[in-house]
Amino acid sequence: MSTSDHNAPASFALSVADVPDGELEAEDLDPAQIVSGSPVVTGKVLWESEDGSQIRGIWQITPGVVTDTEADELFVVVSGRATVEVEGGATLELAPGSACVLREGDRTTWTVHETLRKAYHINL
């Protein structure tokens with residue numbers, strides 16, 4: 001993940017959709033997670049608790065198919081489209097405005113149809 005700014009104010013507002021791609025930092029994507037395509041992941045941590053147990057930020061992924069094991073996360077899709085299949089559970093269709101909750105340990109397959117950007121809160 002990107003580094004956090006511990007000096008950021010506790011309260012803030014910004015337009016997630018308007019943060020330029022150039023302000024998002026490249027994030028590692030394990031090649032073993034890539035099922036198809038050449039997806040690229042970028043992000044920006046906006047806030048992190050002092051103990052590192054909570055993170056809020058912006059995350060973006062370009063088209064492709066990837067697998068993941070999830071953290072306890074709430075996010076809202078700002079742009080793009082994806083289908084997320086939760087192993088042994090639901091298939092989630094994500095589009096702008098979708099709010100999504102993923103449980104820690106969920107094994108997922110993300111099929112990203114259009115570059116997807118989300119604002120997230122993760123509990124570690």
Side-chain angles (χ1 to χ4, degrees):
M1 291 223 150
S2 308
T3 58
S4 66
D5 180 359
H6 289 287
N7 297 320
S11 300
F12 63 90
L14 75 129
S15 174
V16 173
D18 293 335
V19 173
D21 287 348
E23 288 187 22
L24 303 180
E25 299 174 19
E27 296 188 7
D28 291 334
L29 183 59
D30 182 344
Q33 291 179 264
I34 299 172
V35 175
S36 68
S38 301
V40 174
V41 174
T42 55
K44 179 175 182 147
V45 172
L46 301 173
W47 176 86
E48 183 175 354
S49 63
E50 287 187 32
D51 66 0
S53 66
Q54 297 181 58
I55 301 171
R56 298 175 186 149
I58 301 168
W59 184 84
Q60 183 168 285
I61 185 169
T62 62
V65 180
V66 298
T67 60
D68 200 9
T69 301
E70 303 297 337
D72 178 23
E73 179 178 9
L74 164 67
F75 65 84
V76 175
V77 175
V78 177
S79 60
R81 284 186 332 101
T83 302
V84 178
E85 296 175 53
V86 180
E87 186 177 287
T91 296
L92 313 171
E93 296 296 335
L94 304 178
S98 295
C100 182
V101 173
L102 296 172
R103 297 173 302 171
E104 182 176 358
D106 278 348
R107 294 174 56 92
T108 57
T109 300
W110 290 67
T111 301
V112 181
H113 310 290
E114 298 170 8
T115 297
L116 183 128
R117 181 179 285 199
K118 66 182 184 179
Y120 68 85
H121 177 95
I122 295 176
N123 290 311
L124 301 172

Closest contact, heavy atoms only, [X] versus [Y]:
| X | Y | result |
| --- | --- | --- |
| V77 | A95 | CB-O, 3.3 Å |
| A32 | T67 | O-OG1, 4.4 Å |
| G52 | L124 | O-CD1, 3.3 Å |
| P96 | S79 | CG-CA, 3.9 Å |
| H113 | T83 | NE2-OG1, 2.8 Å |
| H121 | N123 | NE2-OD1, 3.2 Å |

ask   = Which salt bridge (Lys or Arg N to Asp or Glu O under 4.0 Å) pairs, counting each pair once, include a residue from residues 82-96, with sequence neighbours left out?
value = E87-R107
key: Pairs where residues 57-78 contributes a residue and the test salt bridge (Lys or Arg N to Asp or Glu O under 4.0 Å) is met, not counting sequence neighbours   = E73-K118
Same apolar cluster: [X] and [Y], side chain cutoff 4.5 Å:
| X | Y | answer |
| --- | --- | --- |
| F12 | V78 | yes |
| V45 | L29 | yes |
| I122 | V86 | yes |
| I34 | W59 | yes |
| V65 | L94 | no |

key: side-chain hydrogen bond (donor to acceptor under 3.5 Å, both in side chains) partners of D51, counting only residues at least two apart   = S49, S53
task = Please answer whether the main-chain N or O of V40 pairs with a side-chain N or O of T62 as donor and acceptor at a distance below 3.5 Å.
result = yes
request  = Could you tell me which residues satisfy side chain to side chain contact (heavy atoms under 4.5 Å, CB included) with D28, sequence neighbours excluded, listed by chain and number?
outcome  = none
query = Yes or no on side chain to side chain contact (heavy atoms under 4.5 Å, CB included) for V41 and V66, after CA distance, side-chain angles and deciding distance?
reply = CA-CA 11 Å; V41 174; V66 298; over 6 Å; no
ask   = Do T108 and L92 have side-chain heavy atoms sitting under 4.5 Å apart?
value = no
query = Between SG of C100 and OH of Y120, what distance do you get to the nearest 0.5 Å?
reply = 15.0 Å
note = Value for OG1 (T115) from CZ (R81), rounded to nearest 0.5 Å, stands at 11.5 Å
remark   = Residues pairing under side-chain hydrogen bond (donor to acceptor under 3.5 Å, both in side chains) where one sits in residues 13-22, two or more places apart or in two chains, turn out to be S15-D18, D21-Q60, D21-R117
query = How does the hydrophobic cluster around V101 look, that is, which other residues are in it when side-chain heavy atoms under 4.5 Å mark a link?
reply = L74
